[in-house]
Amino acid sequence: MATHEAHSLMLFVGLMVLAGAGAARGFYLPGVAPADFRKKDLLAVKVSQLSSIKTQLPYSYYSLPFCRPDTIIDSAENLGEVLRGDRIENSLYVFEMREPKLCQIVCRTVLSQEGEKDFKEKIDDEYRINMILDNLPLVVPIKRLDDQEAPAVYQHGVHVGVKGQYSGSKEEKHFIHNHFSFLVKYHRDANTDLARIVAFEVKPYSIKHEYDGDWKENDTRLKTCDPHSRHLVIDSDSPQEVEAGKEIIFTYDANFEESDIKWASRWDSYLLMTDDQIHWFSVVNSLMIVLFLSGMVAMIMLRTLYRDISKYNQLESQEEAQEETGWKLVHGDVFRPPARADLLCVYVGTGVQFFGMLLVTLLFAILGLLSPSNRGGLMTAMLLVWAFMGVLAGYAAARLYRGFRGSEWKKVTVKTALMFPGTVFTVFFVLNALIWGERSSGAVPFTTMTALVLLWFGISVPLVFVGSYHGFRKPATEDPVRTNKIPRQIPEQPWYMNPAVSVLIGGILPFGAVFIELFFILTSIWLHQFYYIFGFLFVVFAILVVTCAEIAVVLCYFQLCGEDYEWWWRSYLTAGSSALYLFLYAAFYFFTKLDITKVVSGVLYFGYMLIASYAFFVLTGTIGFYACFWFTRLIYSSVKID
């Protein structure tokens with residue numbers, strides 16, 4: 001039997017890993033219909049936001065004195081885009097399909113004192129300009145120094161400028177990137193001559209433009225960039241300094257290159273995984289933990305428990321019954337409702353809601369329904385699925401509360417609907433106020449806040465009540481053994497079974513199963529990289545579920561063997577304590593990997609990681625609780641109780 005179960009487990013894991021590998025290679029549905037362009041069709045570049053990994057505070061592109069169109073038009077946004085701080089706006093970078101343009105003047109501007117200060121601040125904080133063409137983000141290709149043959153690494157967005165020194169001077173100056181050399185790659189259909197855009201790249205330069213005579217709008221030829229005299233910008237030897245009172249002339253080139261890449265796979269180079277081996281190592285590392293725990297659980301279930309149950313069922317005389325020790329002794333107390341049973345029901349219900357949201361979202365992502373071209377789609381999907389999973393939260397909380405013979409189900413329902421979302425919303429509101437104070441475009445507008453509240457109270461809360469009503473109407477599940485009226489005294493426990501010690505030990509292995517993948521998730525969020533390896537993530541998520549369940553069962557068994565029957569909260573906290581390690585790892589990541597200097601940015605980081613850790617606590621705690629709930633019912637229904 002054990003061999004058959006082990007074989008089934010390995011087969012399941014094998015299939016999961018193969019599915020993970022397939023999804024990891026960038027399988028997705030493009031999400032938007034392809035746009036076909038004829039020769040000389042207009043291409044309008046849109047500007048998204050200014051972003052920085054040093055401050056984590058996005059700003060609108062036009063918060064800096066760049067060239068502005070007469071009318072700025074905001075593109076339609078979804079909920080996820082607004083929460084991410086994306087503001088898609090039109091720009092003056094407009095050119096024609098497959099018509100190369102060189103040295104095109106965008107505008108000339110003279111910097112004010114305030115403009116100089118703003119530009120220098122953004123260059124100091126390493127802000128990048130994010131642009132979009134045909135739904136593709138702008139990237140800067142960077143060749144690897146160690147391997148020239150390898151494909152270029154893409155840097156998302158182009159830096160506003162750089163800091164440097166003139167030769168022979170030690171004074172550091174700020175230089176602005178005022179010339180962009182765009183490269184649009186396209187795939188052409190030989191039959192129709194229609195083309196589809198498959199890449200949007202740029203090389204930035206800083207060049208102090210010169211011209212003869214006075215500046216005339218639309219009638220000035222630059223000496224530093226003139227296609228007629230074949231004088232093009234190919235380096236930044238004479239850079240444009242950021243200084244008040246000095247003029248800056250913004251220019252660009254637009255070049256086109258035919259490509260073999262097809263439109264359906266144009267995102268592959270953006271999502272190119274350069275660290276496959278590390279992800280495989282992550283999965284293998286997690287599997288080792290699972291196999292170790294599975295071995296322990298198998299030993300308990302098949303050897304220890306089998307022996308215990310056989311021994312207990314063979315006890316005949318009263319003297320033998322009085323001498324029995326171990327978990328059977330507490331059969332009259334093991335299903336006694338815990339202290340604060342209503343709060344436990346609330347947390348279990350919330351955990352079920354979170355589990356359902358993660359499972360559905362990950363399945364959508366693996367099936368390719370959350371394309372990276374649909375910016376903000378992942379966050380929008382998570383919020384909507386969370387709201388609809390309220391029905392599961394209400395049902396789970398009410399079923400458990402009914403089992404505790406509780407009567408105030410409406411109070412439990414209200415707490416389930418409001419407690420976790422209310423805590424998260426309060427923290428989010430405070431963090432949003434800090435972002436408002438910094439005048440960042442990342443601040444969520446009042447209208448979006450209202451939409452979130454409507455989603456919460458209009459969909460989630462009513463569904464929690466619907467689930468709770470149906471859950472409480474069902475008859476309570478019968479306990480396998482009767483509960484004594486007088487509680488049994490718990491004997492003194494050894495130090496290693498002290499609640500604090502066993503809870504802290506319990507969180508180590510679930511965290512160990514996910515921490516490598518956690519590094520990539522944190523990197524994608526805080527270093528602004530694409531994360532689209534949901535196949536691996538799904539495998540790691542499955543391993544996390546198994547690990548939480550197994551560690552909770554093992555420690556629950558040891559606790560019951562010590563004649564300590566207060567397992568309800570302990571089982572939740574044992575697996576849930578992995579959230580503490582997640583938060584400590586987030587702090588370690590902050591001080592070792594990030595270069596955040598602003599106090600507000602640090603508060604934002606730890607605020608958002610606190611929300612993530614709280615959610616992780618609810619998720620893992622619920623998995624551990626249900627594993628022990630199933631385990632205790634199984635073992636106590638297997639012995640004869642007089």
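Being a predicted model, the structure only gives us computed values, none of them experimental.
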Query - Closest non-hydrogen atom pair, Cys548 against Pro510 - result: SG-CB, 3.8 Å
Query raised in the report: Got a donor-acceptor contact below 3.5 angstrom from the Thr413 side chain to the Trp409 backbone?
Result: yes
Report task. Apply the test side chain to side chain contact (heavy atoms under 4.5 Å, CB included) to residues Leu418 and Val461: give CA-CA distance (whole Å), side-chain angles for both, the deciding distance (0.1 Å), then the verdict. Result -> CA-CA 8 Å; Leu418 301 182; Val461 172; 4.3 Å; yes
Report task. Please answer whether the main-chain N or O of Gly403 pairs with a side-chain N or O of Arg405 as donor and acceptor at a distance below 3.5 Å. Result -> yes
Requested in this report: List the steps and the verdict of side chain to side chain contact (heavy atoms under 4.5 Å, CB included) for Phe511 and Thr620.
Outcome: CA-CA 10 Å; Phe511 171 74; Thr620 52; over 6 Å; no
Query raised in the report: Considering only heavy atoms from C-beta outward, does the side chain of Ile525 approach that of Tyr608 to under 4.5 Å?
Result: no
Query raised in the report: Do Ser577 side-chain atoms and Val503 backbone N/O form a donor-acceptor pair below 3.5 Å?
Result: yes
Query raised in the report: Which residues pass the side chain to side chain contact (heavy atoms under 4.5 Å, CB included) test with Ser502, sequence neighbours left out?
Result: Arg570
Query - Smallest separation among heavy atoms of Ala549 and Ile623, with atom names - result: N-CG2, 4.0 Å
**Report entry** Side chains of Leu383 and Met357 in contact at under 4.5 Å (non-hydrogen atoms)
**Finding:** no
Report task. Determine the sole option in Tyr605, Tyr589, Phe590, Phe519 for which the ring-ring contact (aromatic ring centres under 6.0 Å, His included) test with Trp526 is passed. Result -> Tyr605
Query raised in the report: To the nearest 0.5 Å, what is the distance between CG (Leu544) and CG (Leu619)?
Result: 6.5 Å
Report task. Using a strict cut-off of less than 4.0 Å between a Lys/Arg side-chain nitrogen and an Asp/Glu carboxylate oxygen, indicate whether Lys415 and Asp342 qualify as a salt bridge. Result -> yes
Query - Phe616/Val514 under side chain to side chain contact (heavy atoms under 4.5 Å, CB included): CA gap, chis, key distance, verdict - result: CA-CA 12 Å; Phe616 195 70; Val514 299; 4.2 Å; yes
Report summary line: Output for pair (Leu560 CG, Ile635 CD1), nearest 0.5 Å, gives 5.5 Å
Query raised in the report: Are side-chain heavy atoms of Val391 and Val464 found at a separation under 4.5 Å?
Result: no
Query raised in the report: Does the side chain of Phe388 come within less than 4.5 Å of Val360's, by heavy atoms?
Result: no
**Report entry** Any donor-acceptor N/O pair, Trp456 side chain to Ala417 backbone, under 3.5 Å
**Finding:** yes
Requested in this report: Please report the shortest heavy-atom distance between Leu463 and Ala387, naming the atom on each side.
Outcome: CD1-O, 3.7 Å
Query raised in the report: Does any N or O in the side chain of Tyr401 come within less than 3.5 Å of the main-chain N or O of Ala341, such that one atom is a donor and the other an acceptor?
Result: no
Query raised in the report: Do the ring planes of Trp568 and Phe629 sit parallel (below 30°), tilted (30 to 60°) or perpendicular (above 60°)?
Result: tilted
Query raised in the report: Are the side chains of Asn432 and Phe429 in touch, meaning some heavy atoms are under 4.5 Å apart?
Result: no
Query raised in the report: What is the minimum heavy-atom distance between Gly442 and Ile435, and which atoms define it?
Result: C-CG2, 3.7 Å
I'd like a table of donor-acceptor pairs (distance under 3.5 Å, sequence neighbours excluded) in which one partner is a side-chain atom from residues 344-356, with atom names and distances.
{"residue": "Tyr347", "atom": "OH", "partner": "Tyr614", "partner atom": "OH", "Å": "3.2"}
{"residue": "Thr350", "atom": "OG1", "partner": "Val346", "partner atom": "O", "Å": "2.9"}
{"residue": "Gln353", "atom": "NE2", "partner": "Trp386", "partner atom": "O", "Å": "2.8"}

Query raised in the report: Can a donor-acceptor pair be found between the side chains of Ser571 and Tyr626 at a distance below 3.5 Å?
Result: no
Query raised in the report: Is Tyr469 atom OH crowded by more than 12 heavy atoms from other residues, nucleotides or ligands, each under 6.0 Å away?
Result: no
Query - Leu604 side, atom CG; Met609 side, atom CE - distance, nearest 0.5 Å - result: 13.0 Å
Query raised in the report: side chain to side chain contact (heavy atoms under 4.5 Å, CB included) between Met419 and Leu343: does it pass, once the steps are laid out?
Result: CA-CA 10 Å; Met419 201 167 117; Leu343 188 62; 3.6 Å; yes
Report task. Flag yes if more than 12 heavy atoms outside Phe515 fall under 6.0 Å of its CZ atom; otherwise flag no. Result -> no
Query raised in the report: Between Ser578 (side chain) and Gly507 (backbone), is there a donor-acceptor pair under 3.5 Å?
Result: no
Query raised in the report: Does a side-chain heavy-atom distance below 4.5 Å link Leu504 with Leu580?
Result: yes
Query raised in the report: If every non-hydrogen atom of Val334 is compared with every non-hydrogen atom of Tyr565, which pair is closest and at what distance?
Result: CA-CB, 4.0 Å
Query - CD1-CG distance between Ile366 and Leu537, expressed to the nearest 0.5 angstrom - result: 8.0 Å
Query raised in the report: Which class fits the ring pair Phe335 and Trp567: parallel under 30°, tilted 30 to 60°, perpendicular over 60°?
Result: perpendicular
Query - Heavy-atom donor-acceptor pair, Trp569 side chain to Ala339 backbone, under 3.5 Å - result: yes
Report summary line: CD1 (Ile459) and CE (Met389) are apart, to the nearest 0.5 Å, by 13.0 Å
Query raised in the report: Within a strict 4.5 Å, meaning less than it, do heavy atoms of the Leu363 and Phe538 side chains meet?
Result: yes
Query raised in the report: From Met449 CE over to Leu454 CG, what is the distance, rounded to the nearest 0.5 angstrom?
Result: 13.0 Å
**Report entry** Side-chain donor/acceptor of Gln559 to backbone N/O of Glu566, under 3.5 Å
**Finding:** yes
**Report entry** Non-hydrogen side-chain atoms of Val412 and Lys410 separated by less than 4.5 Å
**Finding:** no
